[in-house]
Protein chains: 2
Amino acid sequence: MARTRHLPSQERKELTVRAVVELCGEQDPARITTASIAERMKVTQGALFRHFTGKDEIWQAVMKWIAEQVMRRLEKAVARSETPLATLEAMFMAHIGFITEHPGVPRLMLGQLQHSEPTSATRLVRSMLARYRERLAAILEEGTVCGELRADLDIEAAATQFIGTVQGLVVQSLIAGDVQRIAEQAPGAFLLYRRGIQAGEAS
Amino acid sequence: MARTRHLPSQERKELTVRAVVELCGEQDPARITTASIAERMKVTQGALFRHFTGKDEIWQAVMKWIAEQVMRRLEKAVARSETPLATLEAMFMAHIGFITEHPGVPRLMLGQLQHSEPTSATRLVRSMLARYRERLAAILEEGTVCGELRADLDIEAAATQFIGTVQGLVVQSLIAGDVQRIAEQAPGAFLLYRRGIQAGEAS
DNA sequence: CAGAAGATAGTAATTGATTACTATCTTACT
DNA sequence: AGTAAGATAGTAATCAATTACTATCTTCTG
C-alpha cells in the first residue's frame with residue numbers, strides 16, 4: 001500500500017489547495033490556520049513551508065485553481081450552446097454547479113473580496129471576475145444584436161445582475177447554512193433574470 | 001471646549017459602534033482588533049472592556065445598530081409608498097442609500113455570514129435578513145394579487161433576487177473598491193429586476 | 001549495476017509578534 | 001468622598017514562520 005508520505009512538491013501543492021477549498025466549506029476562511037490545513041493533510045505545519053514561501057502563496061494557489069476551474073467550465077458551457085440566451089443559461093448553471101460541488105468557493109471568494117489592501121490572491125479574484133464580466137457583456141451584446149434580448153438593454157447592469165443572481169442564491173445559502181439547496185433554486189432564479197433581459201415575449 | 005474624555009457608558013458604546021462601522025469601510029472586519037477600535041476612538045484598548053464584556057458583545061452591538069437602522073429606513077419607505085412596485089423601489093433605494101452612507105455595512109454583514117458556527121451577532125444578521133425576506137414576500141404577494149406583478153411569480157425566487165440585485169452591486173463595488181458608484185448603478189439595476197417580476201407591459 | 005552523494009520532503013520544537021482580555025492604579029465628575 | 005471611566009501594564013493563548021535534524025527519493029560514478 002502506498003503510504004504516500006513524501007510526495008513531489010507539485011502533488012503536495014495540489015493537495016494543499018484541495019484541503020483549503022474543503023476547509024472553506026466548513027468554516028470562515030479568515031479562521032483557517034496553517035496548522036489546520038496541515039492537520040487536514042496529515043502533515044506537520046512546518047512541512048507546508050517547504051512548498052509555499054508563506055500563507056499568502058497558499059491563498060494565491062487556491063484562487064488560481066478556482067479561476068482555472070471556473071473559467072474552464074464556463075468556456076465549455078459557452079462552446080456547447082447555440083443562442084446567446086442558451087449560453088447565458090448554460091453559464092449560469094455551470095457556475096451554480098461548480099459552487100454546489102465545492103461549497104467552500106463562495107466563502108473563499110467573498111473572503112478575498114473583503115480585503116481592502118489587495119494581496120496577490122485578491123487581485124486574482126478581481127481579474128477573474130473582470131474577465132467573467134467581459135465574457136458576459138459580449139454575450140449580452142450579441143443577444144441584443146440578434147434580437148433575442150431587449151434592444152434597449154443596459155449591458156453593464158445586466159452583467160452585474162447576472163452575478164447578483166448568483167450572489168442572491170449564495171447569500172441565501174449562507175443564511176440557511178445549506179449550499180445544496182442552491183441547485184433547486186437556480187432554475188427559478190435564472191427564469192426571473194431571463195424575464196428581465198429578454199425581448200418582448202408572447203406567453 | 002468639551003474635551004469629552006469621560007463619557008457615560010451609553011454614549012461610549014454608541015461611539016464604539018460608530019468607530020467599528022467606520023473601520024469596516026476601510027478594512028476587512030476580521031482584521032479589526034480591539035486595539036484599532038480603541039485607537040480610532042482616542043481611548044486605550046483596555047477602556048473598551050469597561051463597557052463591553054468581550055469583543056463578541058461589540059459585534060453584537062454593531063449588528064443591532066445596523067438592524068435597527070435598516071429596518072427603520074425600510075419601514076419608512078414602505079409607509080411612504082402607494083403601490084407594491086413603488087414600495088419595492090423605495091425599499092431598494094433605501095437599502096442602497098444606507099449602504100452608500102455607511103460603506104462598511106456590506107463588509108460587516110458578509111463578514112458575519114462567513115461564520116459557520118453562529119455567534120450572537122451572526123444570529124442577529126440572519127434574523128434581520130429573515131425579517132427582510134418576509135417583508136419582501138408580503139409585498140410581492142400583494143403585487144401579484146393586485147395585478148401589478150405577474151400572476152405566476154415565484155415569490156421566494158423574487159425575494160432572493162431582490163437581495164441578489166443589491167448583492168450584485170455590492171460585489172461590483174468591492175471589486176472596484178468604490179462604494180459610491182453603487183448609487184449611480186442602482187436605478188438601472190432595479191429596472192432590470194422590475195422587468196423580471198412585472199406583469200406584461202405595453203412599452 | 002551498486003552505492004555513495006546530493007536533492008527533496010517531512011518532523012518536532014521553538015520564536016517573535018499579535019491579540020483578546022485583565023488587574024491595578026489614576027483621574028474626573030457629581 | 002465615592003464612583004464611574006480611563007490609563008497603564010501586564011497575561012495567556014494563538015499563529016505564521018523558522019530552525020535543526022531526519023527520512024526518502026534520485027542521480028551520477030566507478
Side-chain angles (χ1 to χ4, degrees), chain A residues 1-20 23-24 26-63 108 111-112 114-115 117 119-122, chain B residues 1-20 23-24 26-63 108 111-112 114-115 117 119-122:
Chain A
M1 168 161 183
R3 209 58 190 82
T4 57
R5 329 215 156 231
H6 258 84
L7 295 179
S9 194
Q10 179 65 21
E11 285 178 42
R12 190 54 86 191
K13 283 184 185 176
E14 284 163 17
L15 284 179
T16 308
V17 168
R18 270 177 81 90
V20 171
L23 283 170
C24 284
E26 302 163 16
Q27 54 171 308
D28 185 353
R31 299 186 120 83
I32 292 177
T33 65
T34 51
S36 68
I37 299 169
E39 189 192 359
R40 177 65 55 110
M41 300 168 66
K42 312 253 195 235
V43 168
T44 56
Q45 185 245 1
L48 288 179
F49 293 90
R50 291 267 167 258
H51 310 287
F52 299 94
T53 63
K55 206 188 181 189
D56 287 353
E57 209 173 271
I58 297 178
W59 287 117
Q60 217 176 314
V62 171
M63 293 320 308
L108 251 161
Q112 289 296 327
Q114 300 270 31
H115 303 5
E117 5 68 57
T119 63
S120 239
T122 305
Chain B
M1 170 159 180
R3 209 58 188 82
T4 57
R5 331 220 153 220
H6 262 82
L7 294 179
S9 194
Q10 179 64 23
E11 285 179 42
R12 190 53 84 191
K13 284 184 186 175
E14 284 163 17
L15 284 179
T16 308
V17 169
R18 269 177 81 88
V20 171
L23 283 169
C24 284
E26 301 163 16
Q27 54 171 309
D28 184 354
R31 299 185 118 83
I32 292 177
T33 64
T34 52
S36 68
I37 298 169
E39 189 193 358
R40 177 64 55 110
M41 300 169 66
K42 312 254 194 232
V43 166
T44 57
Q45 187 239 6
L48 288 179
F49 294 89
R50 291 259 167 248
H51 310 288
F52 298 95
T53 63
K55 205 188 182 188
D56 287 352
E57 207 174 274
I58 296 179
W59 288 119
Q60 217 176 314
V62 170
M63 294 318 309
L108 251 162
Q112 289 296 327
Q114 301 269 33
H115 303 4
E117 4 69 56
T119 63
S120 237
T122 305

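What's counted below: heavy atoms across the whole structure, side chains too, no hydrogens, waters or symmetry copies. Residue numbers start from 1 in every chain, and the chains themselves are labelled A, B, ... in the order their sequence lines are given, proteins ahead of strands.
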Take atom CD of B:Gln10 and atom C1' of D:dA4, then tell me their distance rounded to the nearest Å. 15 Å
B:Glu39 atom CD: more than 12 heavy-atom contacts under 6.0 Å: no
To the nearest 0.5 Å, what is the distance between NZ (A:Lys42) and CG (A:Leu15)? 13.0 Å
Euclidean distance, atom CE of residue B:Met41 to atom P of D:dA5 [Å, nearest integer]: 12 Å
Report which part of the nucleic acid B:Ala47 touches: base, sugar-phosphate, or nothing (heavy-atom distance under 4.0 Å, all strands). sugar-phosphate
Quick one: A:Leu48 CG to D:dC15 P, roughly how many Å, whole number? 14 Å
For the atom pair OG1 (B:Thr119) and CD (B:Glu57), what is the distance rounded to the nearest 0.5 Å? 12.5 Å
Can you tell me the distance, in whole Å, between the NZ atom of A:Lys42 and the C1' atom of C:dT11? 16 Å
Could you grab the distance from atom CE of A:Met41 to atom OG of A:Ser36, nearest 0.5 Å is fine? 11.0 Å
Search all heavy atoms of A:Cys24 against all heavy atoms of A:Ile32 and return the closest pair with its distance. SG-CD1, 3.6 Å
Give, for atom OG1 of A:Thr53 and atom CG of A:Leu48, the distance between the pair rounded to the nearest 0.5 Å. 12.0 Å
For D:dG6, does either OP1 or OP2 sit under 4.0 Å from a side-chain N or O belonging to B:His51? yes
Figure out the CD/P separation between B:Glu39 and C:dA20, and round it to whole Å. 13 Å
Taking only the side-chain nitrogens and oxygens of B:Arg12, find out if one of them lies under 4.0 Å from OP1 or OP2 of D:dA4. no
Taking the side chain of B:Thr33 as its heavy atoms from C-beta onward, which of C:dT19, D:dA17, D:dA7 lies nearest to it? C:dT19
Nearest whole angstrom, please: distance from the P of D:dT14 to the CD of A:Gln45. 14 Å
Interatomic distance, B:Phe49 CZ vs D:dA12 C1' [rounded to whole Å]: 14 Å
B:Thr34 vs C:dA20: side-chain N/O to OP1/OP2 distance below 4.0 Å: yes
Letter per nucleotide, 5' to 3', of nucleotides 23-30 of chain C [B base touched, S only sugar-phosphate touched, - untouched; heavy atoms, 4.0 Å]: -B--BS--
B:Arg18 CZ: over 12 foreign heavy atoms closer than 6.0 Å: no
Nearest-angstrom distance from the residue atom CZ of A:Phe52 to P of C:dG10: 11 Å
Under 4.0 Å between any heavy atoms, over every strand shown, what does A:Ile37 touch: base, sugar-phosphate, or nothing? Just pick one. nothing
